[in-house]
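Comments concern the structure below.
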Protein chains: 2
Amino acid sequence: MARPKEFDVEQALASAMNVFWSNGYKATSLGDLTGAMGISKSSMYETFGSKHDLFLSTIEHYIRTVTTQISGAAHIDAPAVKVIRALFHRAVQRMAEPNSRRGCYLNNCAVEVSVRDSEAGQRVEKGLDMMEEAFFSLVQRGQREGDISTRHDPRSMARFLVSSLNGILVMGKAHASTDKLNDVVDITVNALA
Amino acid sequence: MARPKEFDVEQALASAMNVFWSNGYKATSLGDLTGAMGISKSSMYETFGSKHDLFLSTIEHYIRTVTTQISGAAHIDAPAVKVIRALFHRAVQRMAEPNSRRGCYLNNCAVEVSVRDSEAGQRVEKGLDMMEEAFFSLVQRGQREGDISTRHDPRSMARFLVSSLNGILVMGKAHASTDKLNDVVDITVNALA
DNA sequence: TATATTCTGGACGGAACGGTTCGGAATATC
DNA sequence: GATATTCCGAACCGTTCCGTCCAGAATATA
């Protein structure tokens, strides 16, 4: 009957996200998007609706991929503090790679648009909540197993970790030195003990 | 001889900064700027050069004002930890005010443009360095007076504080709850002891 | 082969944008 | 009053932007 879809929607979404991630929402043009996605403007509008709809979809796509990624790391059979330190170090390391110095997508979206764009803001908040949840279960386990102090409740500590990670990534956008960022990671992780 | 300037350059700069601060660079049009500054487009170009030049000038203006502000707080005759806690709490409190939920200007600039705009990036980095310097002298004093632990060197701790403050402000852009942010402040400040 | 669907490229409209220029009004000093 | 400077409004240019639309090529099934 009909000609089938030729491009992978999920992959096109990932490509669009990468462009938004690197350039921000406003600074990204339709040409940038369709070029990276490898499809025509017409197909983009047919499939995703509009630039703004596409943008919202990329945030949801990011949440989908990152959630599985973090909660995967959470189930690693190692002390919770070690897992957390590894997650932070990996984030710092990624900031040092040549074309990856773009921080956390949710972070960027929160700063650039979340105040004026409530639809995006809602999704960003949900994404940060899910990050918090991932850290929360890690902290709980660490407190159970004894390598994380119980002087603060795990919910606050999870929020502390999300906040700290975001702060480190922002610093990484301005400074370049990996060593300086790792110093901050050390102090942050030590604050858990 | 000549007609004198009718508008205050420094004040116009402050108004422009406020617009950039709320909307970001790309999302701010010349009309937004001249409207807020209360001058015509011609005067703007005569005085500041271009939109981009004006933007760079606002970053420098921000550094000028904030530097004096923080180093003023640094000389308050109170335990360093108390001063730091007060600075953080004030930042959180400002995020809760209706039209002030826009974080730190340097933070916003770092996220939105510093990677692609090296001229802006340089200024942002310099501004963050000066914030670090202000915290550095505070930490040094705290370590001398005994209310801040000496297990970490003061330079790293200063960086930790700048990073944490930025992280908290990013969280504040997504979430709204002051209580949650203050929880994070508590853990952060406790990490100093 | 006929049919249905997908995809492309380009054309188009309408709007907003950054930036430049200029005439003339306003305001100071001499 | 003559002069010099500032300021404004408006016009203007070329570009970019988002979004819509369509003709036609491509590709599947029946």
Side-chain angles (χ1 to χ4, degrees), chain A residues 1-59 108-109 112-113 116-120, chain B residues 1-59 61 108-109 112-114 116-121 123:
Chain A
M1 295 217 305
R3 179 179 177 180
K5 255 196 169 17
E6 279 185 356
F7 66 91
D8 182 330
V9 173
E10 206 67 15
Q11 185 152 350
L13 216 44
S15 301
M17 179 189 73
N18 281 328
V19 182
F20 281 133
W21 199 342
S22 298
N23 297 346
Y25 177 71
K26 265 281 181 184
T28 298
S29 73
L30 283 180
D32 297 334
L33 290 168
T34 55
M37 299 165 85
I39 64 176
S40 71
K41 193 152 51 157
S42 331
S43 298
M44 195 284 272
Y45 271 91
E46 239 171 35
T47 309
F48 298 102
S50 71
K51 182 191 177 185
H52 188 248
D53 289 338
L54 174 62
F55 177 58
L56 298 180
S57 297
T58 62
I59 301 181
N108 296 9
C109 293
E112 189 192 346
V113 301
R116 279 162 306 139
D117 182 342
S118 64
E119 292 181 297
Chain B
M1 297 218 304
R3 180 180 176 182
K5 255 195 169 16
E6 279 185 356
F7 66 92
D8 182 330
V9 173
E10 206 68 13
Q11 185 151 351
L13 216 45
S15 301
M17 179 188 73
N18 280 328
V19 183
F20 281 133
W21 198 343
S22 298
N23 297 345
Y25 177 72
K26 264 280 181 182
T28 298
S29 73
L30 283 179
D32 297 334
L33 290 168
T34 55
M37 298 165 86
I39 64 176
S40 72
K41 197 152 49 157
S42 334
S43 298
M44 195 284 272
Y45 271 90
E46 242 172 33
T47 310
F48 299 102
S50 71
K51 183 192 176 186
H52 189 249
D53 289 338
L54 173 62
F55 177 57
L56 298 180
S57 297
T58 63
I59 301 181
H61 172 80
N108 296 9
C109 293
E112 190 192 348
V113 302
S114 86
R116 279 162 305 138
D117 182 342
S118 64
E119 292 181 299
R123 285 161 177 81

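Side-chain atoms are counted along with the backbone in the values below, which use heavy atoms only and exclude waters and symmetry mates. Lettering of chains follows the sequences in order, A, B, ..., and the numbering in each one begins at 1.
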What is the distance, to the nearest angstrom, from the [atom1] atom on [X] to the [atom2] atom on [N]?
X       : N      : atom1 : atom2 : answer
A:Met37 : C:dC7  : CE    : C1'   : 14 Å
B:Glu46 : C:dG23 : CD    : C1'   : 14 Å
B:Leu33 : C:dA16 : CG    : P     : 17 Å
B:Ile39 : C:dA26 : CD1   : C1'   : 17 Å

- Message: Using the rule given for side-chain contact (heavy atoms from CB on, under 4.5 Å), can you reason through A:Cys109 versus A:Trp21, listing the C-alpha separation, both sets of side-chain angles and the distance that settles it, and then say yes or no?
- Response: CA-CA 8 Å; A:Cys109 293; A:Trp21 199 342; over 6 Å; no
What residues form a side-chain hydrogen bond (donor to acceptor under 3.5 Å, both in side chains) with [X], not counting sequence neighbours?
X       : answer
B:Ser43 : B:Ser40
A:Ser42 : none
B:Asn23 : none
A:Ser57 : none

- N or O in side chain of B:Ser43 less than 4.0 angstrom from D:dC7 OP1/OP2: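 Answer is no, no contact under 4.0 Å.
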- Assign a letter to each nucleotide of nucleotides 13-20 of chain D from its 5' end: B, base within under 4.0 Å of a protein heavy atom; S, sugar-phosphate only; -, no contact. ----SSBB
- Sequence neighbours excluded, which residues qualify as side-chain contact (heavy atoms from CB on, under 4.5 Å) partners of B:Ser29? B:Asp32
